[in-house]
**Student:** 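I have a structure here, written as C-alpha cells, and I will follow up with some questions on it.
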Amino acid sequence: MAQNKNLRTNSSKNKEILFLPQIFYIFIIFVNLSFFSTFADPFNVPKLISLLIFGGWLAGYLLSGKNLNYLKIDKKFSFLLIFFLIVMLIQSINTDYKLVSFFGESLRRDGFITYLIFGLLALYLFTHFKALEIEKFYLFVTTISIVISGYGVIQYAGLDFINWTKSGGIISFFGNSNFAGAILAILFALNIGAIYVFRDSKKVIFSSISLALTLLATIFTNARQAYLIVAFALSVTIFYFLYRKKRIVGLWFFIFTIIVSTVSVFGIFGNGPLSKYLYKESITIRIFYWKAAIKMLMSHPLTGVGIDRYGAYFKEYRDYNYPLRYGFDITSSNAHNVPLQFFATGGFPLGIAYVGFVLFIFIKSFKFLKSSELESKFKFIYFNLFTAWLCFQLQSLVSIDNISVAIWGWLLSGILMALSTDKTLGQRYLNNKKNMLQPVISLLLVIPAIVISSMLAKVESQTFKLRTGYAPSNPETTQGWVNYASQTLKLPLLDGSYRTQIGGNLLDYKAKDLGIQALNESVKKDPRDQYAWWGLALASELNGDINAALTYRKKIEILDPWNAKNYLQMAYDYRAAGDLTSANRYAQKILTFASETEFGQKAKSEFSTTQ
C-alpha cells in the first residue's frame with residue numbers, strides 16, 4: 001500500500017476531487033460552540049438543535065447518488081454501526097417514556113436521535129474523508145482549539161461576558177469543567193499531530209500556539225481526568241518515536257510507563273503514594289454509579305431500563321450507603337461510564353453492539369498501523385488520530401456521553417475507518433459531476449429538523465423566563481406568571497422535569513388546581529417521576545388528605561427504597577391518621593439503615609422504636 005508522501009492538497013493536480021463541503025466544519029463548530037444563555041438548558045439543547053439541523057443536511061450527502069455503495073468498502077464497519085443504531089432504535093421504542101428515549105433526558109439530551117446523527121456523521125466521514133483532506137482537517141482543529149481554549153482562559157481571568165463561571169475550573173462552551181477538560185485534552189492530542197502535519201512555517205507557529213494555549217486551558221479546568229488524558233497522549237507519542245528510533249529504548253519507556261500508570265490507577269482509587277495527588281471523592285461516587293448500572297443490567301438483561309432512563313431508576317438501584325454519604329435527595333442521571341450506560345439502559349443487546357463497534361475500530365486501526373507499507377509521515381498522522389480516539393475512549397470510562405465530547409469520538413471513528421480503506425488517497429471519490437439529488441434530500445430532512453428545533457427552542461426559552469420571573473411573594477406578578485406557566489405547559493416536546501418544576505411552582509403561587517393537574521400529567525407520562533409524586537404528596541398533606549398522601553409516598557417507597565426522609569414523613573402521616581402501628585413500623589425501618597442521620601434521630605425521639 002503505497003502512500004503519497006505529499007499529503008497536502010494540490011489544487012492543480014486534484015481539482016476534480018470532491019473534498020468535504022465547508023458545511024461539515026460549520027457543523028462541528030456549531031455543535032461545539034453554540035449556547036444560549038436565555039435557555040433553561042443553555043448548553044445541551046442548542047447543541048442538540050445544531051445536531052438536528054446540520055445532521056439532516058449532511059445526511060443528504062450520504063443518502064444521495066452512489067454514496068450508499070461506498071458503505072460496501074468495509075462491510076463489517078458499516079454493519080456494526082448500522083446494527084448498533086437499529087438495536088438502539090428498538091430499545092428506544094420499547095422504553096416507557098418515548099420523549100426521553102428519543103430526545104434524551106434534561107441536561108444531557110443523549111437519546112436515540114442524538115446517536116442516530118452521530119452514526120450518520122461517522123458513516124458520512126467514512127464515505128467522504130480522504131487522505132488529501134488531512135491538512136485541512138488539522139487546520140480546522142487548531143483553529144477551533146484556539147477559540148475553545150481562548151474562551152476558557154478568558155473565563156479563568158474573570159473576564160467572561162456571561163456571569164456563570166463560578167466553579168473551580170473553566171467551563172468554556174460546555175457548562176462543566178470536566179467536559180471542557182475532556183474536549184481540550186482530546187484537542188491537545190490532535191494538536192501534537194498538527195505540528196507534524198504542517199510544513200508552512202506560519203502554520204507551524206499557529207499550531208504551536210494552539211498546542212500551548214490548549215494545554216494551559218486544560219490545566220485551568222482543574223479536571224484530573226483531563227490531566228491523565230494529556231499524560232496518556234504525551235506518553236504514547238514519546239513511545240512511538242522512541243520505538244521507531246531505537247526499539248529497546250522504546251520498550252524500556254513502555255515498561256516505565258506501565259509501572260507509572262499502574263501506580264497512578266491505584267492512586268486514583270485512593271491507594272499508594274500518589275493517592276494524595278490523584279484521589280478525588282468523585283471517584284468513590286462513580287463506583288456507586290457503576291454498581292447501580294450493573295444492578296440495572298442484571299434486573300433487565302434484555303431491554304435495560306430504557307434509553308437514557310438511568311436517572312429514573314438510579315434511586316431504586318443505588319446502594320443504601322450512597323444517600324447516607326451524600327444525602328437522600330442527591331441522584332444521578334448517568335452511569336458515568338459510556339459502555340455501562342448502554343448496558344444499563346439498553347441491556348446486553350445494546351451494550352454488546354456498542355462494545356463490538358468500538359473493539360472493531362480499535363483492532364482495525366491497530367492492524368492498519370502495523371502495516372510496514374505505510375509511508376512514515378502518514379503512519380504518524382494516523383497514529384495521532386488513533387491516539388486522540390483512544391483519549392476519547394479513556395475519558396468515556398469515567399464520564400458521561402456529553403454531546404460536545406461524544407461528537408469527537410464518532411468523528412474520529414469515521415476518519416480512522418475512512419483512512420484505513422483509502423488505498424488510493426481519495427481517487428475512488430473522483431467525480432466532477434454535481435449531485436443534484438443531494439440538496440433535495442437534505443432540504444427534505446432539514447425542514448422537519450427546523451420545525452422540531454423551533455419547538456425545543458420555545459420550550460427552553462419560556463421555561464427560562466418562568467424561572468427568572470419566579471416570585472410567588474410578589475402579588476403584582478402572580479397572575480401574569482400563572483398565565484404564562486399555563487401556556488408553557490401546553491407546549492409540545494415539553495420536558496417532563498420542566499413540567500414537574502412548573503407544577504411545583506404553581507403550588508407555591510397558590511394555583512393548586514393547575515399545579516396538581518401539571519403534576520398528575522407528569523406522572524401519567526412518566527410513572528417514575530419521583531419529584532412529581534413528592535409534589536403530589538406534599539399538596540395532599542397541605543390539603544389534609546392523608547390517605548392520598550400515603551398513596552403517593554408508597555409510590556416513592558418503591559422507586560426509592562433507601563429514602564429515610566420519605567419514611568419519616570410516612571410515619572408522621574400514619575400517626576396523623578391514627579395508625580400508630582404503621583407509624584412505628586416506618587420509624588423502625590429508618591433505624592435499620594439510617595439511624596445516625598437526622599431522620600434517624602427524629603425517629604428515635606418521636607416514635608416508639610426498638611433498636
Side-chain angles (χ1 to χ4, degrees), residues 95-97 100 292 295-296 299-300 305-306 309-324 326-333 496-497 499-501 503-504 506-507 512-513 515-595 597-604 606-610:
T95 299
D96 57 350
Y97 194 13
V100 169
K295 289 181 181 178
M296 292 179 198
S299 297
H300 304 79
V305 297
R309 293 286 281 162
Y310 179 94
Y313 284 79
F314 174 71
K315 286 188 175 182
E316 180 179 347
Y317 288 95
R318 65 183 177 179
D319 187 275
Y320 76 93
N321 283 305
Y322 181 88
L324 296 181
Y326 307 111
F328 293 97
D329 296 323
I330 304 299
T331 188
S332 174
S333 63
S497 65
R499 179 184 290 103
T500 298
Q501 183 183 41
L506 283 168
L507 295 178
K512 294 181 180 179
D513 292 340
I516 291 174
Q517 181 181 345
L519 294 173
N520 277 318
E521 184 68 15
S522 289
V523 296
K524 180 181 178 181
K525 291 180 178 294
D526 181 9
R528 301 191 68 87
D529 189 337
Q530 298 176 44
Y531 298 103
W533 287 120
W534 194 279
L536 289 169
L538 288 175
S540 298
E541 286 157 355
L542 290 173
N543 290 334
D545 191 349
I546 300 301
N547 290 331
L550 285 168
T551 299
Y552 299 138
R553 292 199 176 278
K554 286 178 181 178
K555 297 280 189 181
I556 299 172
E557 180 181 5
I558 296 172
L559 302 175
D560 188 3
W562 303 111
N563 194 331
K565 183 179 179 180
N566 183 54
Y567 291 148
L568 182 62
Q569 189 58 50
M570 291 181 75
Y572 288 145
D573 287 348
Y574 273 117
R575 185 169 64 183
D579 187 349
L580 296 180
T581 300
S582 295
N584 291 332
R585 176 163 55 87
Y586 274 96
Q588 179 61 42
K589 194 170 186 176
I590 297 172
L591 301 184
T592 61
F593 69 95
S595 60
T597 65
E598 62 172 307
F599 305 106
Q601 297 301 318
K602 289 181 179 179
K604 291 177 187 177
E606 298 183 35
F607 295 89
S608 176
T609 59
T610 57

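Values reported hereafter were calculated over all heavy atoms of this structure, with side chains retained and with hydrogens, waters and symmetry mates removed.
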**Student:** Could you tell me which non-hydrogen atom of Ala564 sits nearest to which non-hydrogen atom of Ala594, and how far apart they are?
**Tutor:** CB-CB, 3.9 Å
**Student:** Ignoring hydrogens and geometry beyond distance, is a side-chain donor-acceptor pair present between Asn321 and Asp319 at under 3.5 Å?
**Tutor:** yes
**Student:** Report the residues that fulfil side chain to side chain donor-acceptor pair (under 3.5 Å) with Arg499, sequence neighbours left out, ordered by chain and then residue number.
**Tutor:** none
**Student:** Please enumerate all residues that pass side-chain contact (heavy atoms from CB on, under 4.5 Å) together with Gln601, with sequence neighbours excluded.
**Tutor:** Glu596, Lys604
**Student:** Once you round to the nearest 0.5 Å, how far does CG of Asp329 lie from NZ of Lys315?
**Tutor:** 5.5 Å
**Student:** Only pairs at least two apart or in different chains count here, so list each ring-ring contact (aromatic ring centres under 6.0 Å, His included) that has a residue in residues 561-582.
**Tutor:** Tyr320-Trp562, Trp562-Phe593, Tyr567-Tyr586, Tyr572-Phe607, Tyr574-Tyr586
**Student:** Can you name the salt bridge (charged side-chain N to carboxylate O under 4.0 Å, His left out) partners of Lys525, sequence neighbours left out?
**Tutor:** Glu521
**Student:** Hey, mind stepping through Met570 and Arg575 against side-chain contact (heavy atoms from CB on, under 4.5 Å) and telling me if it holds?
**Tutor:** CA-CA 8 Å; Met570 291 181 75; Arg575 185 169 64 183; over 6 Å; no
**Student:** CG of Asp560 to OG1 of Thr331: how many Å apart, nearest 0.5 Å?
**Tutor:** 8.0 Å
**Student:** Ser299 vs Met296, test: side-chain contact (heavy atoms from CB on, under 4.5 Å). Steps then yes/no.
**Tutor:** CA-CA 5 Å; Ser299 297; Met296 292 179 198; 6.0 Å; no
**Student:** Are Tyr310 and Ser333 packed together at the side-chain level, in the sense that at least one heavy-atom pair is separated by less than 4.5 angstrom?
**Tutor:** no
**Student:** Taking all atoms of both residues into account, what is the closest heavy-atom pair of Ala577 and Ile546, and its distance?
**Tutor:** CB-CG2, 4.1 Å
**Student:** How would you list, by chain and number, every residue that makes a side chain to side chain donor-acceptor pair (under 3.5 Å) with Asn520, sequence neighbours excluded?
**Tutor:** none
**Student:** Mind checking side chain to side chain donor-acceptor pair (under 3.5 Å) for Ser522 and listing every partner two or more places apart, or none if nothing turns up?
**Tutor:** Thr500
**Student:** Test of understanding: with salt bridge (charged side-chain N to carboxylate O under 4.0 Å, His left out), list the residues that count as partners of Asp96, not counting sequence neighbours.
**Tutor:** Arg309
**Student:** Rounded to the nearest 0.5 Å, what's the gap from CZ on Arg318 to CD1 on Ile330? Could you check?
**Tutor:** 9.0 Å
**Student:** Name all residues meeting the ring-ring contact (aromatic ring centres under 6.0 Å, His included) criterion together with Phe599; count only those two or more places apart in sequence or in a different chain, and write none if there are none.
**Tutor:** Phe328
**Student:** How about Gln569 and Asp573: does a side-chain donor come under 3.5 Å of a side-chain acceptor?
**Tutor:** yes
**Student:** Measure the spacing between CD of Gln588 and CD1 of Ile590 and express it to the nearest 0.5 Å.
**Tutor:** 9.5 Å
**Student:** Quick one: are Ile516 and Leu507 in side-chain contact, heavy atoms under 4.5 Å?
**Tutor:** yes
**Student:** Evaluate the criterion side-chain contact (heavy atoms from CB on, under 4.5 Å) for residue pair Val523 and Arg528; output intermediate values, then yes/no.
**Tutor:** CA-CA 7 Å; Val523 296; Arg528 301 191 68 87; over 6 Å; no
**Student:** Hey, is Glu316 close enough to Lys295 for a salt bridge, meaning N to O under 4.0 Å?
**Tutor:** no
**Student:** Write down the atom of Leu591, the atom of Gly600, and the distance for their closest heavy-atom approach.
**Tutor:** CD2-O, 3.6 Å
**Student:** Mind checking the OG1-CZ spacing from Thr581 to Arg585? Nearest 0.5 Å is all I need.
**Tutor:** 8.5 Å
**Student:** Please name all residues satisfying salt bridge (charged side-chain N to carboxylate O under 4.0 Å, His left out) with Glu598, sequence neighbours left out, ordered by chain then number.
**Tutor:** none
**Student:** When rounded to the nearest 0.5 angstrom, what distance separates CG in Leu568 from CZ in Arg553?
**Tutor:** 9.5 Å
**Student:** Distance-only check: which donor-acceptor pairs under 3.5 Å involve side-chain atoms of residues 530-537, not counting sequence neighbours?
**Tutor:**
from: Trp533; atom 1: NE1; to: Pro527; atom 2: O; distance (Å): 2.8

**Student:** Does any non-hydrogen side-chain atom of Asn543 lie less than 4.5 Å from one of Lys512?
**Tutor:** yes
**Student:** For Lys555, check side chain to side chain donor-acceptor pair (under 3.5 Å) against everything at least two apart and list the hits.
**Tutor:** none
**Student:** For Asp579, enumerate each residue passing the salt bridge (charged side-chain N to carboxylate O under 4.0 Å, His left out) test, keeping only those at least two apart in sequence or located in another chain.
**Tutor:** none
